[in-house]
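Structure first, commentary second.
For ligands, and for the atoms within them, numbers begin at 1 and follow the listed sequence.
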Amino acid sequence: MNELEQATKRIQNAAFPAVLTGAGISAESGIPTFRGEEGLWKQYRAEELATPGAFRQNPELVWEWYNWRRSLILEKGPNAGHQAIVKLQERFPQMPVITQNVDGYHAEAGTANLIEMHGNIFRARCTGCFTVQEHRSVDNLRPLCPLCEKPLRPDIVWFGESLDNGVVNSIFAILQKTDLLIVVGTSGAVYPAAGFASQVYDSGGAVIEVNPKPVIPCALQIKGKAGEALPALVDLV
Ligand code: BJW
């Protein structure tokens, strides 16, 4: 039995599968990943753009970077990988999908039970009154809160920031319950998401990884692109 057939069996036998995705699932949409040859961190320093300190020091630079990414995300859309996950939810309607991505493509594709653990690029949060609002502008470098006129910031979890408590609790409840975690397109470089696969495995669950460069030793590894491997897998299920 090859990896695809083994993975098919594991999914068919799963009682409560869950999915974790990272930047790789949006790569075939034309959205750059963070790490690797073409990754965003090759061109930009994370400390200058994705930390609270960076925003305090140079909010315009941070907004410029997020405006550029927002316009790119708006130009493109979800791909066959996102769609395959929606199709898998037809078979497992309760299946949670946890994403580290902020591009909103899972929601756009129609994914239910979605947790966007690092936030969403189309939301902004007030640094004064903390109100969260939709933010779709691609050119404002100094957006202000319409309620209190304090500066807005992207509603995104930056390095060194804690994830929302409610989000963390929901994720840990899923990880305790799931008997199969399907991990797609993440390098496993950033915590807490980097620890999810081993957490499931250590409690007796199985892990399937879909990635052209798999990194999770405890996983059944399917070496391939999400937009090709996921539809093939879901068709077999
Ligand atoms: C394909 C493909 C195709 C290509 N198909 N696949 C424990 C140990 C050590 C450090 C820490 C720790 N706990 C916390 C930390 C600190 C820190 C951290 O993890 N640092 C590491 C660098 C070590 N974590 C945090 O600060 C987190 N906060 C936290 O834990 O709070 C508690 C705390 C508070 C104070 C101090 C310490 C702890 C917050 C993390 C926030 C991450 N934010 C970012 C940027 C903002 C979002 C944005 O602007 O978009 O989120 S970083 C960036 O990395 C982004 C991503 O969501 C995240 C993960 O990246 P991802 O998705 O894995 O992408 P890549 O590019 O790395 O990988 C792409 C993969 O796709 C590759 O494997 C390719 O092969 C593959 N691929 N094409 C399928 N077609």
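- Remark: E3 CD to Q6 CD distance equals 6.0 Å, nearest 0.5 Å.
- Taking only nitrogen or oxygen atoms, main chain and side chain alike, K225 does not reach within less than 3.5 Å of ligand 1.
- Looking at N101, T186, V168, it is T186 that brings a heavy atom closest to atom 63 (O) of ligand 1.
- When non-hydrogen atoms are compared, ligand 1 lies under 4.0 Å from the backbone of Q100 as well as from its side chain.
- Within the model, atoms CG of N101 and CD of E116 stand 9.0 Å from one another, a figure rounded to the nearest 0.5 Å.
- Residue S187 holds the heavy atom nearest to atom 67 (O) of ligand 1 of all those in P154, G160, S187.
- Remark: ligand 1 and A226 share an N or O pair separated by less than 3.5 Å (distance only, no angle test).
- For W158, no nitrogen or oxygen atom sits less than 3.5 Å from a nitrogen or oxygen atom of ligand 1, counting backbone and side chain alike.
- With atom 54 (O) of ligand 1 as the reference point, the heavy atom nearest to it among K223, E28, R35 is part of R35.
- Comment: R69 does not engage D103 in a salt bridge, judged by the lack of any side-chain N to carboxylate O separation of less than 4.0 angstrom.
- Under a cutoff of 6.0 Å and an axis angle of 45°, R153 and W158 form a cation-pi pair.
- When non-hydrogen atoms are compared, ligand 1 lies under 4.0 Å from the backbone of V190 as well as from its side chain.
- For the ligand labelled ligand 1, residue I156 lies inside the 4.0 Å heavy-atom shell.
- Among A27, S26, G224, S162, the residue whose heavy atom lies closest to atom 33 (C) of ligand 1 is S162.
- Within a 6.0 Å radius of CD in E5, more than 12 heavy atoms belonging to other residues, nucleotides or ligands are found.
- An N or O contact shorter than 3.5 Å links F34 to ligand 1 by distance.
- Judged by the shortest distance from any of its heavy atoms, R69 lies inside the 4.0 Å radius around the atoms of ligand 1.
- For Y66, a nitrogen or oxygen atom sits less than 3.5 Å from a nitrogen or oxygen atom of ligand 1, counting backbone and side chain alike.
- Ligand 1 has no N or O atom lying under 3.5 Å from any N or O atom of V184, backbone or side chain.
- Ligand 1 has no N or O atom lying under 3.5 Å from any N or O atom of L163, backbone or side chain.
- With I85 as the partner, the side chain to side chain contact (heavy atoms under 4.5 Å, CB included) test is satisfied by one option alone out of V19, I182, T99: V19.
- In terms of N/O distances under 3.5 Å, ligand 1 is not approached by V102.
- Put simply, no part of V215 is less than 4.0 Å from ligand 1, judged by heavy atoms.
- The shortest side-chain heavy-atom distance between N58 and E60 falls under the 4.5 Å cut-off.
- In this structure, of I222, L49, I216, N211, the residue bringing a heavy atom nearest to atom 75 (O) of ligand 1 is N211.
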